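Numbering of ligands and ligand atoms starts at 1, following listing order. Computed from a predicted model, the values in this text were never measured in an experiment.
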Amino acid sequence: MKKKDVLTVKNLSKIYSKNNSEPVNALNNLNLDVKQGEIFGLLGPNGAGKSTFINILGGTVIKSKGNVNVWGYDLDKDPRQVRASLGIVPQEVNLDPFFNPRRLLELHAGMYGIKKKDRITDEILKLVSLENNADSYARSLSGGMKRRLLIAKALVHKPPILILDEPTAGVDVELRRNLWENVKLLNKIGVTIILTTHYLIEAEEMCDRIGILSKGDLVALDTTKNLINKIQTKNVTFIINEKTKIANIPLKSLKILSQEDNRITLSYEKNSLKIDEIISYFSDKNINILDITTDDANIEDVYTSLIKN
Ligand code: ADP
Ligand code: MG
């Protein structure tokens with residue numbers, strides 16, 4: 001069954017113009033869609049336009065051009081319905097230090113007009129692993145806990161789509177893991193996730209599909225798997241029984257990167273050469289292979305090559 005699109009963006013542009021400064025093209029003709037139930041990652045360096053995109057969805061930035069549809073609602077015609085379908089966790093942590101998590105969530109639910117009996121405060125606190133801190137002042141919470149409280153706040157109206165803008169910026173490694181576990185859990189119970197990050201490894205680990213933004217342009221949009229497959233160059237290291245220097249291996253696209261004692265590292269292009277051909281070459285020369293390790297490409301390589309061009 002084909003998955004339903006829960007967000008479609010057509011030709012979306014944003015130009016920030018202030019009277020006495022140069023206009024900034026923050027988004028240029030952005031086209032993308034997000035499917036129900038997926039974790040979609042928007043990647044890009046600082047200034048790429050990630051927050052602009054999210055703030056347009058959240059209604060704090062007004063688009064210059066284009067169409068946005070969220071959960072079947074058009075942003076221009078039904079902005080309230082769009083907002084009701086989204087839970088947005090902003091990049092900046094803005095919490096009143098004198099509220100505790102339970103009180104904050106209750107107040108927020110009140111703002112959405114959710115009746116006391118329909119509130120799911122305890123359930124949400126559990127979802128973000130804050131049930132034991134429900135009554136502590138926000139100012140006494142750790143950085144990671146504050147982030148999770150912001151997620152909780154975005155969930156009070158049970159939105160089907162949760163958007164996180166750089167949720168792990170400034171959060172240490174262990175808390176980051178913990179935060180991702182919470183996000184994965186939410187996804188498992190059916191929440192579609194859209195996140196932005198510049199931690200590439202995380203995007204690779206978390207996301208089903210990835211869009212890469214560079215200076216307001218979407219330079220890639222594909223499944224994480226396909227993006228990684230686009231990288232053609234592979235590195236491979238052989239441990240051989242031979243200590244003599246191998247000067248040249250006459251195979252298409254093959255380069256010798258280094259050789260130290262019996263360890264030789266090569267690179268080759270996946271579409272020109274198969275690893276079997278390298279192995280056959282060694283066996284034809286009576287060189288025994290004791291071990292092979294390959295070094296697969298990751299999103300970082302895709303990202304670097306796309307952003308550079
Ligand atoms: P990211 O979140 O990817 O770091 P942003 O969306 O914050 O990127 O910024 C994209 C571009 O728009 C940057 O060049 C930034 O300086 C500019 N920008 C962002 N907000 C404003 C604003 N309120 N006024 C003018 N320019 C802005
Ligand atoms: Mg940002």
Side-chain angles (χ1 to χ4, degrees), residues 7-34 39-68 70 75 79 82-83 86-95 143-144 146-151 153-154 161-172 175-176 179-180 183 193-204 206-207 209-222 224 227 299-300 302-309:
L7 171 79
T8 45
V9 172
K10 292 219 166 78
N11 303 319
L12 182 66
S13 296
K14 173 65 190 178
I15 303 168
Y16 291 104
S17 35
K18 278 193 195 118
N19 298 334
N20 43 14
S21 58
E22 282 284 298
V24 179
N25 291 296
L27 287 177
N28 309 315
N29 270 304
L30 186 66
N31 286 287
L32 59 82
D33 52 66
V34 175
I39 301 185
F40 181 87
L42 197 57
L43 272 176
N46 275 334
K50 305 182 296 295
S51 293
T52 297
F53 173 63
I54 285 175
N55 295 337
I56 290 172
L57 297 178
T60 55
V61 168
I62 307 297
K63 63 185 167 65
S64 307
K65 199 178 93 23
N67 294 94
V68 177
V70 180
L75 181 62
V82 166
R83 224 138 300 150
L86 298 174
I88 298 189
V89 184
Q91 187 171 351
E92 311 297 329
V93 178
N94 51 346
L95 287 169
K146 281 182 188 152
R147 283 276 167 192
R148 297 208 304 272
L149 180 54
L150 285 177
I151 296 178
K153 202 175 144 196
I161 306 168
L162 181 69
I163 302 188
L164 304 124
D165 195 3
E166 307 242 12
T168 54
V171 176
D172 73 39
L175 291 172
R176 220 183 280 168
L179 194 70
W180 288 134
V183 171
I193 309 283
I194 301 171
L195 59 92
T196 75
T197 180
H198 56 253
Y199 294 109
L200 309 172
I201 302 296
E202 279 180 355
E204 190 178 336
M206 288 286 295
C207 301
R209 285 194 310 138
I210 289 176
I212 300 179
L213 268 182
S214 170
K215 296 183 187 136
D217 293 314
L218 192 68
V219 291
L221 175 66
D222 213 331
T224 308
L227 279 179
I299 272 296
E300 195 140 5
V302 184
Y303 186 77
T304 320
S305 69
L306 283 167
I307 298 289
K308 249 194 247 149
N309 296 330

Report task. Identify, for atom 23 (N) of ligand 1, the protein heavy atom at the shortest distance, and state residue, atom and that distance. Result -> Tyr16 CE2, 3.7 Å
Requested in this report: Note the single closest protein heavy atom to atom 11 (C) of ligand 1, along with its residue, its atom name and the distance in Å.
Outcome: Gly47 O, 3.7 Å
Per-atom contacts of ligand 1 with [X], taking only distances under 4.0 Å to non-hydrogen atoms:
{"X": "Pro45", "value": "3 (O)"}
{"X": "Val24", "value": "12 (O), 14 (O), 17 (C)"}
{"X": "Thr52", "value": "5 (P), 6 (O), 9 (O), 10 (C)"}
{"X": "Ala26", "value": "11 (C), 12 (O)"}
{"X": "Ala48", "value": "1 (P), 3 (O), 8 (O)"}

Query - Metal check, the Mg ion (ligand 2) vs Ser51 N/O/S, cut-off below 2.8 Å - result: yes
Query - Short N/O/S contact of Thr196 with the Mg ion (ligand 2) (below 2.8 Å) - result: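 No, outside the cut-off.
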Query raised in the report: Do Leu150 and Asn94 touch side chain to side chain, with heavy atoms closer than 4.5 Å?
Result: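 In short, these two side chains touch, coming nearer than 4.5 Å.
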Query raised in the report: Does a side chain donor of either Thr196 or Asp165 reach within less than 3.5 Å of an acceptor in the other side chain?
Result: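 Judged by distance alone, the side chains do pair up.
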**Report entry** Within 6.0 angstrom of Lys146 NZ, more than 12 heavy atoms from elsewhere
**Finding:**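 Count over threshold, so yes.
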Report task. Work out whether the distance between some heavy atom of Glu166 and some atom of ligand 1 is less than 4.0 Å. Result ->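 In this structure, Glu166 fails to qualify as a contact of ligand 1 - no heavy atom is under 4.0 Å.
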Query raised in the report: How far apart are the C-alpha atoms of Leu7 and Val68, what are their side-chain angles, what is the distance that settles it, and do they pass the side chain to side chain contact (heavy atoms under 4.5 Å, CB included) test?
Result: CA-CA 7 Å; Leu7 171 79; Val68 177; 4.2 Å; yes
Report summary line: Of Pro23, Gly44, Gly49, the residue with the heavy atom nearest atom 8 (O) of ligand 1 is Gly49
